[in-house]
Amino acid sequence: MDDSKVERKAPDGRPSFFQKYKGPILIIISALFFGISKLNSSQSEEIPTVSEPQCPKTRAISPNFDKSVDTILYDPSFREEALKKLVGAVQIPTEIEDEHPEPKDDIEYYARFFEFHEYLQETFPLVYKHLKVEKVNEVSLLYTWEGKDQSLKPLMLAAHQDVVPVNPDTYDSWKHPPYSGFHEPDTDLVYGRGSLDCKNSLIGELQAVEQLLKDGFEPTRTVIIALGSDEEAHGSVGAKYLNEVLYKRYGEDGIYAIVDEGAPVLRIKENLYFAAPITAEKGYLDLEVVVHGQGGHSSAPPAHTTIGVAAELISQLEKTPFSANLTPENPFMQALNCVAEHNDGWPDAVRKAILESPYDPKQKERVISFLQRDRMLDALIRTTQAVDIIHGGVKSNALPELTTFVVNHRIDITSSVNETLEHDLSIAKSVALQLNYGLSLDGKVIIPETANGLIEIFEKGGLEPAPHSPTKGSPVWELFAGTIQDTFENHIFNGTEEIDFYVTPGLITGNTDTKHYWKLTKNIYRFWGAILEPSVIGTIHSVNESIKLSSHLSTIAFLYEYIVNASEKL
C-alpha cells in the first residue's frame with residue numbers, strides 16, 4: 001500500500017512500520033482482535049441476546065469447476081512450483097522511491113522492472129499465450145482474459161510490481177538477505193522485500209490464471225489483471241495511467257468488482273478465525289504551514305520568533321484533536337460487532353458495550369472510551385493529525401525569518417478534506433489573532449499581514465475518504481465473501497466442525513492503488529487470501545519481511561475459486 005509520506009531513509013525497523021500506510025492493516029487486525037481485552041476490566045456482565053445474529057456465518061459458495069483447488073493447497077509438486085515462482089519474483093528488486101521520474105523522462109530508472117517483465121513472461125507461458133498483455137505508460141502491466149459473454153462486466157484483480165526500498169544500513173539485521181527469497185523449511189517462511197507486499201498477490205493472481213488455463217477453464221466473464229508500478233509512492237505513473245486506459249475502455253462503473261491487497265485472515269483464538277476484507281479507506285490531507293517573521297540578532301528577540309509561533313500553532317493543533325465518530329455504518333464497527341458476538345475470550349463488559357452501542361448512547365461512549373486508550377484503535381474512529389516535518393533557523397544568534405512545518409491528516413470516513421481544512425484553519429486564525437500575525441490560505445488573504453509577520457497555509461495534497469463498497473444485501477459482496485468462506489471452511493479447514501470462520505467488512509486508515517479506480521466500480525474489496533500471524537504482518541516494509549508458503553498457496557486457491565465463481569454464479 002501507498003507509503004508516499006514516509007522518508008525512505010528512515011531506519012528500516014519496527015518503529016518506522018507504524019508510521020507507514022501498511023500500519024493500518026496491523027492496527028485493525030492485531031489491535032482490534034488481540035489488544036482490546038487489555039483495555040477493560042474483567043467485570044462479568046450478561047451478554048445481550050438478539051433475535052437475529054448481527055454477524056451470521058457467511059454461506060459458502062463453491063464453484064462447480066474446482067479441479068485444482070486442493071492440488072494448489074496440498075500437492076507437493078505444485079507447492080515446489082509455487083515456491084520457485086514466488087522466490088524468483090522476490091529476487092528482482094523492483095524498488096521505487098518517493099521521487100521517481102515518468103518513464104518517458106528516464107526509462108533507465110525502471111530497468112529492474114523490465115527484468116521483472118521478462119521473468120513473468122518466462123514464468124507464466126500460458127498467460128502470455130492466451131491473454132492480451134499490454135504495457136501501460138511503459139512500466140505497468142495490463143492482462144485481459146476475454147470471457148465468452150462480452151455483455152458481462154469484467155472482474156479485475158490488482159497488485160503492484162514495486163517494493164519499498166531496503167535501507168542498506170539494515171542489511172545486516174535481516175535474518176536472510178532481503179532479496180534472497182530464502183525459504184526456511186522449519187518455519188515455512190519465504191523471506192524478502194516484496195514477499196508479502198505484494199508480490200504474493202501479484203504472483204498469486206498470475207498463477208491462479210495459469211493453472212486455470214492448464215485445467216482448460218474458459219471464463220464466461222472477462223478477467224483483468226492490473227499491475228501498477230509505483231503504488232508505494234502515489235501510483236502517479238502506474239495505477240493512474242491504468243485507470244485512464246480502463247476507464248476509456250469500460251466506462252464508469254464498467255467493472256464488476258476489483259480485488260486488491262488488503263486485510264488477511266487471522267486466528268482470534270483456538271478454532272476461531274475472521275476475515276475482514278477492507279471495504280472503505282480513510283482520506284488524507286497534507287498542509288504546509290509557513291511562518292514569516294522579522295529577522296535580526298537573537299540578542300534582541302521579539303516575544304515570539306517564527307519558531308515560537310510555529311510551536312504555538314502545533315501545540316494548539318495537538319490540544320484540539322478531532323472528535324471521535326463511531327457509527328454502525330463504519331466497517332470497523334461492523335468488524336468490532338462481529339468479533340464481540342463470537343469471541344467469548346473478550347471480557348463480558350467489553351462485548352456487552354460493543355453489542356449494545358448501536359442503540360445505547362452510554363454504551364457507545366463506553367466503547368469510544370475503550371478505543372481511545374489505544375492510539376491504533378483510536379485512529380480508526382476519528383480524523384488524525386501528525387506534525388511530521390519541521391524546518392526553521394540557520395544560526396544560533398540569528399532570528400529565524402522563516403519556519404515551516406507539515407501536518408499530515410488521515411480523514412475519518414464520515415468527514416471530508418474541506419471539514420479537515422476548516423478545523424485547522426480555525427485554530428490558525430485564533431493563533432494569528434492572539435499573536436498579531438497575518439493569515440492566508442493558498443495565497444488568499446484571510447487576515448492582512450502585520451508588522452510581526454504572516455502565517456501561510458498551503459494544501460499540499462488531499463484525498464477524500466473512499467466510497468464504501470457495498471456489503472450486506474449486495475450479490476457481488478455475497479459472492480466474494482462466500483468464496484472466502486468456501487476456500488477456508490471447506491478446503492483449508494477441510495470442513496472441520498470445531499473451527500468457526502466468519503467474514504466481515506473492515507476498514508483501513510491508508511490507501512491502496514484502488515484510490516485511482518473509484519469510478520470503475522463500487523465493488524472494491526481489499527483482501528489477502530491468506531492466514532497471517534501478527535508477527536508476519538509486522539514485517540511489512542520492515543526488516544525480515546516474509547510470508548509462509550502455505551499462506552501464499554491459500555492466496556492462489558482463493559483467487560482460483562473466485563475467478564471461477566465470478567463466471568459461474570451470474
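What's counted below: heavy atoms across the whole structure, side chains too, no hydrogens, waters or symmetry copies.
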*Would you please test N200 and H552 for side-chain hydrogen bond (donor to acceptor under 3.5 Å, both in side chains) and show each step?*
CA-CA 6 Å; N200 158 53; H552 179 56; 2.7 Å; yes

*Are K364 and E356 close enough, and set up right, to give a side-chain contact (heavy atoms from CB on, under 4.5 Å), and what steps lead you there?*
CA-CA 8 Å; K364 178 180 178 180; E356 292 181 349; over 6 Å; no

*Can you list the steps and then say if N325 with T414 is a side-chain hydrogen bond (donor to acceptor under 3.5 Å, both in side chains)?*
CA-CA 8 Å; N325 189 15; T414 62; 2.5 Å; yes

*Show your reasoning for whether side-chain contact (heavy atoms from CB on, under 4.5 Å) applies to F78 and L73.*
CA-CA 8 Å; F78 186 93; L73 291 169; over 6 Å; no

*Let me see the working for L120 and L206 under side-chain contact (heavy atoms from CB on, under 4.5 Å), right down to the final yes or no.*
CA-CA 9 Å; L120 295 179; L206 291 172; 3.9 Å; yes

*Going through the distances and angles, do E281 and N511 end up as a side-chain hydrogen bond (donor to acceptor under 3.5 Å, both in side chains)?*
CA-CA 6 Å; E281 295 179 347; N511 304 96; 3.0 Å; yes

*Start with the C-alpha distance between L532 and L196, add both sets of side-chain angles, then the distance that settles side-chain contact (heavy atoms from CB on, under 4.5 Å), and finish with yes or no.*
CA-CA 10 Å; L532 299 180; L196 181 54; 3.8 Å; yes

*For F488 and F558, what are the C-alpha separation, side-chain angles and deciding distance, and is it a ring pair (Phe, Tyr, Trp, His ring centres under 6.0 Å)?*
CA-CA 8 Å; F488 286 86; F558 161 72; 7.6 Å; no

*Residue pair N544, S546: steps toward the side-chain hydrogen bond (donor to acceptor under 3.5 Å, both in side chains) verdict*: CA-CA 6 Å; N544 292 326; S546 55; over 6 Å; no

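No side-chain heavy atom of V163 sits less than 4.5 Å from a side-chain heavy atom of E232. The shortest side-chain heavy-atom distance between I255 and I224 falls under the 4.5 Å cut-off. A heavy-atom distance below 4.5 Å is not found between the side chains of F480 and N565. At least one side-chain heavy atom of I61 sits less than 4.5 Å from a side-chain heavy atom of L479. When side chains are defined from C-beta on, Y74 counts as touching N494, because their heavy atoms get closer than 4.5 Å.
For the residue pair T555 / W528, no side-chain donor-acceptor distance below 3.5 Å is found, with atom types taken as modelled. Side-chain polar atoms of D500 and H342 form no donor-acceptor pair below 3.5 angstrom. Counting only N and O atoms by type, the side chains of D215 and Y560 include a donor and acceptor under 3.5 Å apart.
The distance from atom OH of Y256 to atom CG of L520, rounded to the nearest 0.5 Å, is 16.0 Å. The distance from the CZ atom of R382 to the NZ atom of K282 is 9.0 Å, given to the nearest 0.5 Å. To the nearest 0.5 Å, atoms CG (D344) and NZ (K269) are separated by 3.0 Å. Of the inter-residue distances, the one linking T58 atom OG1 with W477 atom CH2 reads 7.0 Å to the nearest 0.5 angstrom. Note that the OG atom of S68 and the CG atom of D75 stand 9.0 Å from one another [nearest 0.5 Å]. To the nearest 0.5 Å, the span separating NE2 on H160 from SG on C198 amounts to 3.5 Å.
Between the side chain of E545 and the main chain of G194, a donor-acceptor pair closer than 3.5 Å is present. A donor-acceptor contact shorter than 3.5 Å is absent between the side chain of D378 and the backbone of L371. With hydrogens and angles disregarded, a donor-acceptor distance shorter than 3.5 Å links the side chain of Q485 to the backbone of F501. Side chain of T222 to backbone of P154: no donor-acceptor contact under 3.5 angstrom is found. In this structure, the side chain of S542 does not engage the main chain of T539 through any donor-acceptor pair within 3.5 Å. For the pair S195 (side chain) and Y191 (backbone), a donor-acceptor distance under 3.5 Å is absent. Side-chain atoms of Y562 do not come within 3.5 Å of backbone N or O of V259 as any donor-acceptor pair. Looking at R193, its side chain does come within 3.5 Å of a backbone N or O of V164 through a donor-acceptor pair. With R526 contributing its side chain and P277 its backbone, the two residues share no donor-acceptor pair below 3.5 Å. In this structure, the side chain of Y517 does not engage the main chain of N243 through any donor-acceptor pair within 3.5 Å.
Between H176 and F182, the ring-plane angle classifies as parallel under the 30° and 60° cut-offs.
We find that E478 and K472 are not joined by a salt bridge, their nearest charged nitrogen and carboxylate oxygen being 4.0 Å or further apart. The pair E80-K84 fails the salt-bridge criterion, with no side-chain N (NZ, NE, NH1 or NH2) lying under 4.0 Å from an Asp/Glu carboxylate O. At a threshold of 4.0 Å, the pair K214-E210 does not count as salt-bridged, since none of the basic side-chain nitrogens sits closer than that to a carboxylate oxygen. Between K522 and D253 a salt bridge is recorded (basic side-chain N to carboxylate O distance below 4.0 Å). A salt bridge does not link D149 with R221: none of the charged nitrogens is closer than 4.0 Å to a carboxylate oxygen. A salt bridge links R79 with D188: the distance from a Lys NZ or Arg NE/NH1/NH2 to an Asp or Glu carboxylate oxygen falls below 4.0 Å. The pair K548-E533 meets the salt-bridge criterion, with a side-chain N (NZ, NE, NH1 or NH2) lying under 4.0 Å from an Asp/Glu carboxylate O.
Checked against the 6.0 Å centroid threshold, Y273 and F493 count as a close aromatic pair. You'll find the ring centres of Y143 and Y128 inside the 6.0 Å limit.
Heavy atoms of other residues, nucleotides or ligands lying less than 6.0 angstrom from CD of Q150 number more than 12.
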